[in-house]
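Quick notes on the structure that follows.
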Number of protein chains: 2
Amino acid sequence: MARLSDVIEDFIKTLLKQSEGELELQRNELAEYFECAPSQINYVLATRFSLDRGYYIESRRGGGGFIRIVQLDLDKDDYLLHLINERIGRTISENETNDIVTNIMERGIITEREALIIKSALTDKVIAIPANLRGVIRANILKAMLVAILRSRV
Amino acid sequence: MARLSDVIEDFIKTLLKQSEGELELQRNELAEYFECAPSQINYVLATRFSLDRGYYIESRRGGGGFIRIVQLDLDKDDYLLHLINERIGRTISENETNDIVTNIMERGIITEREALIIKSALTDKVIAIPANLRGVIRANILKAMLVAILRSRV
DNA sequence: TATTACGAAGGTCAAAGAAAGTCAAAATAA
DNA sequence: TTATTTTGACTTTCTTTGACCTTCGTAATA
């Protein structure tokens, strides 16, 4: 007996193929179609369309709300994906951050100005919260910005 | 399921383009045209034509009343300085941030990709700290990034 | 002429409606 | 048992609607 989550996963992937890697859907509509709880859609998205599987999700609530699924354009051992999923862990220092950002600039992945913007956002001074939390938030933000760079390549 | 507010937004923007950034309209007339409550027009103006998005609204009641929408056009450096020194202040929300960043992108101050990077760094989700602190840190980071942009323009 | 009354705008605010998100308990599969 | 999936109650966000308020111009009135 195929698990419903797998069926929904396949369904979404078929839609994604038809629409060249980008897709907007209605959570409640889909849930109704599969006769399941709306939150099961979230479960499928969280487990099958996660970042390390190469997908990016955004959504909006309220009237006319939607969920957008974007299939990121990446080759298997993408350096950015490696940074996001492995190199940058739960927490990271200002120095490590600067090294990483300089490095991807030198590789031509980002411009000099982008490097400047990213670094300026991640200094100890700017993230003025207790040190133990600071590294965690810095890691969060850095990863989010790298995802944005991944996304902008699509 | 296109939101009516978005349709009205687009309609107004088309009119604005045709009239070179300045436009007068009748609230009731527009509401009748879109078959909606007149107050929905106010909602659209408040959410889509705010100062942060680069528009200025004035209006007059009574016979011969009107609503005037003006698309602002300021000097780029002055506007960045204004944002840094006045607008952003001690704390700022995710939505306000998005409006401001989209706006400076539309003015050609930053690229689309830079806008994406900046916005993604400043979401509630990414700055995962208590809400009262979150806005403060977001304001800090946003200002730091705008300063980086200012410097890289020279 | 000065005042008042009325209709024609636009403004405000809160409630209702329309999505999506979260989280943990219950059910099922490995 | 342990891990994964399914469900449902509750929350948050955004939009739409409607009742009531304020302002302005003009016509009628004192």
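Proteins get letters first, then strands, A, B, ... in listed order; numbering begins at 1 in each.
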Exercise. Contact class for B/Asn95 (heavy atom, under 4.0 Å): base, sugar-phosphate, or nothing?
Worked result: sugar-phosphate

For this session: Rounded off to whole Å, could you give me the CD1-to-P distance for the A/Ile8 and D/dT4 pair?
Result: 18 Å

Exercise. What is the distance, rounded to the nearest whole Å, between atom CD1 of B/Ile67 and atom C1' of C/dA9?
Worked result: 10 Å

Problem set entry | Under 4.0 angstrom between B/Asn28 side-chain N/O and C/dA8 OP1 or OP2 | no

Problem set entry | Ring centres under 6.0 angstrom apart (B/Tyr33, B/Phe11) | yes

For this session: Look at the side-chain N and O atoms of B/Arg60 and state whether any lies under 4.0 Å from the OP1 or OP2 oxygen of D/dG25.
Result: yes

For this session: Give a yes or no on whether a donor-acceptor pair under 3.5 Å exists between the nucleobase atoms of D/dT22, that is its base, and the side chain of B/Arg61.
Result: yes

Exercise. Taking DNA chain D as the partner, which of residues 31-43 of chain A come within under 4.0 angstrom of it by heavy atom?
Worked result: A/Cys36, A/Ala37, A/Ser39, A/Gln40, A/Tyr43

Exercise. How about A/Glu96 and A/Ser93: does a side-chain donor come under 3.5 Å of a side-chain acceptor?
Worked result: yes

Exercise. Looking at B/Ser5, does any N or O in its side chain come under 4.0 Å of the phosphate oxygens OP1/OP2 on D/dT16?
Worked result: yes

Problem set entry | Rounded distance (Å) that lies between atom P of C/dG10 and atom CZ of B/Phe66 | 10 Å

Exercise. Does A/Arg68 reach the main-chain N or O of A/Glu24 with its side chain, forming a donor-acceptor pair under 3.5 Å?
Worked result: no

Problem set entry | Side-chain H-bond candidate by donor/acceptor type, A/Asn103 with A/Tyr79, under 3.5 Å | yes

Exercise. Which part of the nucleic acid, if any, lies within reach of B/Arg68 when heavy atoms closer than 4.0 Å are counted: base, sugar-phosphate only, or nothing?
Worked result: nothing

Exercise. Would a distance-only check, ignoring hydrogens and angles, find a side-chain to backbone donor-acceptor pair under 3.5 Å from B/Gln71 to B/Tyr55?
Worked result: no

For this session: Round to a whole Å and report the spacing from CG of B/Leu4 to P of D/dT17.
Result: 7 Å

For this session: Could you check how far CD1 of B/Ile69 sits from P of C/dG10, rounded to whole Å?
Result: 12 Å

Exercise. C/dA19 phosphate, OP1 or OP2: any side-chain N/O from A/Ser59 under 4.0 angstrom?
Worked result: no

For this session: Would you kindly give the CD-to-C1' distance between B/Glu58 and D/dT23, to the nearest whole Å?
Result: 16 Å

Exercise. Quick check: does any side chain N or O of B/Arg60 sit under 3.5 Å from a backbone N or O of B/Gly65, one acting as donor and the other as acceptor?
Worked result: no

For this session: Starting from P on D/dT17, measure out to CZ on B/Arg3 and report it in whole angstrom.
Result: 14 Å

For this session: Report yes if at least one side-chain N or O of B/Arg48 is closer than 4.0 Å to OP1 or OP2 of D/dT15; otherwise report no.
Result: yes

For this session: Let me know the distance between CD of A/Gln26 and P of D/dT15, rounded to the nearest Å.
Result: 14 Å

Exercise. Among C/dG10, C/dT22, D/dT15, which nucleotide sits nearest the side chain of A/Arg27?
Worked result: C/dT22

For this session: Say whether B/Leu23 and B/Val7 are linked into one hydrophobic cluster, either directly or through other cluster members, by side-chain heavy-atom distances under 4.5 angstrom.
Result: yes

